[in-house]
Amino acid sequence: MAKVTTVEQAMEIAADQTLIASCANTFSVGGLLVDDAGNVLHAMPNQVIKDGYTSDPTAHGERQLTDWYYANSKNLPEPSQITVVTSLDPCCMCTGAILTAGFKVLTAAYDTYSGINYDTKSDFPSLTPGMAKRAETRFGYPEVVDGVCYNRLAKGPENNVPAFTAKTIQGRTVALCENIFQATLASVRQQINNDLPFDQLGDILSLTSTDPIRVALSSKYAQALQYRSQAPFTPDEGLVPYLKAMMQYDITLGGKGQAVALLDHHGNLLLCKSGSESMSSIRTAFMEVTRTYAGLRRQLQMDGIKDTRKYLPHPKYCTFVFALGPMLDDEPRVRPDIGPLSQTQSFMELGAYGSTMEGALDTVNNPSPYQYVRSRMNADTLAAFCTKMPPLYSSEIKVNPIQVTNQGLIEGIG
Ligand SMILES: [Zn+2]
């Protein structure tokens with residue numbers, strides 16, 4: 001196991017991961033986990049794009065490192081004794097994941113478009129006061145020296161890794177982390193949104209049940225296509241049994257009773273999943289659905305199924321139906337029927353939805369891809385919260401979760 005004694009040494013490992021990501025034509029970001037003694041536990045690059053296809057929109061370095069930790073945590077220190085060292089300021093999804101797990105963070109470069117401190121002031125403008133307070137004690141932005149225009153004073157905790165004997169990073173390391181990301185950003189985002197326009201989409205029910213697309217979909221969710229809403233983009237009471245079954249399953253797998261369904265542009269039920277929180281506290285239902293859907297589309301395209309994108313459209317043309325809406329109040333409530341609620345998981349899911357879209361929605365055809373059944377906070381407060389998210393989410397995607405309109409569905413979930 002490699003050992004590092006300065007933050008610069010650790011950051012150079014993160015910078016090396018950005019090179020690996022860049023060569024794979026995905027977002028050029030990378031990071032590592034370091035324990036308080038300076039041991040490098042694991043390093044990973046971003047893996048959103050693999051072999052030219054969107055593989056997993058949530059495969060950012062920090063999110064993957066968090067799942068890696070849970071898969072290997074038996075012989076590792078507690079998260080409070082581990083630091084995520086990352087080349088780029090965490091996005092909303094990764095911030096939610098890191099806060100849920102309880103890691104510390106050291107960041108090289110700011111990200112003024114998607115980063116949690118997009119204003120570069122390290123004041124966490126998007127978070128509720130409660131979440132910001134937790135983040136302020138854990139997110140460090142080390143002092144930068146030697147740069148011509150990269151000099152910067154330290155912000156946040158400087159002593160995230162007690163074993164580090166030097167707390168500064170070199171300007172050239174920050175310049176690499178920032179510029180290699182910026183150089184690839186537009187092409188990767190374009191790749192994620194390289195899909196068919198709405199008027200070229202087909203209806204998956206027009207395919208025979210032995211078509212490879214339907215067979216592959218059924219292998220991911222046995223009840224796929226058993227429900228179709230009466231009107232497109234308008235989930236109704238017919239969805240109740242599918243959501244309820246997964247809500248119950250979620251609890252058996254360590255979750256809080258969440259479930260997320262994915263309907264296509266005709267209202268066909270493609271997927272409905274619970275989380276897998278007994279494996280990792282960040283494997284919530286939405287994370288499982290969006291990852292499964294992206295993986296399914298990638299595999300079919302890799303297998304040469306040319307109409308994949310016609311019958312399994314880009315998620316912006318679909319409707320994600322959350323059984324439980326976001327919960328971002330600063331006064332966490334405990335509901336006996338669904339247990340303690342996690343703000344940081346809700347924030348992670350809002351961020352992961354942004355990572356799934358990575359570009360403007362098609363609001364003419366589908367104004368509300370993010371719908372929830374049971375409300376868990378005031379709708380105006382939620383809308384105001386979303387306007388304070390970093391520009392990618394608030395200005396470009398315009399993240400706007402709304403409650404479903406069908407009363408039978410709302411009453412059915414209870
Ligand atoms: Zn991220």
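Just so we're clear, the structure is a prediction, and the values are computed from it rather than from any experiment. We count ligands from 1, going down the list as the structure has it; atoms in each ligand are counted the same way.
Side-chain rings of Y393 and Y353 stay apart, their centers remaining 6.0 Å or farther from each other. For Y317 and F198, the ring centers are positioned less than 6.0 Å apart.
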List the atom pairs, with distances to 0.1 Å, where a side-chain N or O of residues 178-185 and a protein N or O form a donor-acceptor pair under 3.5 Å, not counting sequence neighbours.
unit_1 : atom_1 : unit_2 : atom_2 : d
N179   : ND2    : Y150   : OH     : 3.0
N179   : ND2    : A175   : O      : 2.9
T184   : OG1    : S28    : OG     : 3.2
T184   : OG1    : I180   : O      : 3.2
T184   : OG1    : F181   : O      : 3.2

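Using the six-membered ring where Trp is involved, H60 and F27 have ring planes that are perpendicular, over 60° apart on the 30 and 60° scheme.
Of all N/O/S atoms in H60, ND1 sits nearest the Zn ion (ligand 1).
Contact annotation: C92 places no N, O or S atom under 2.8 Å from the Zn ion (ligand 1).
The SG atom of C91 and the SG atom of C94 meet at the Zn ion (ligand 1) at an angle of about 110°, given to 10°.
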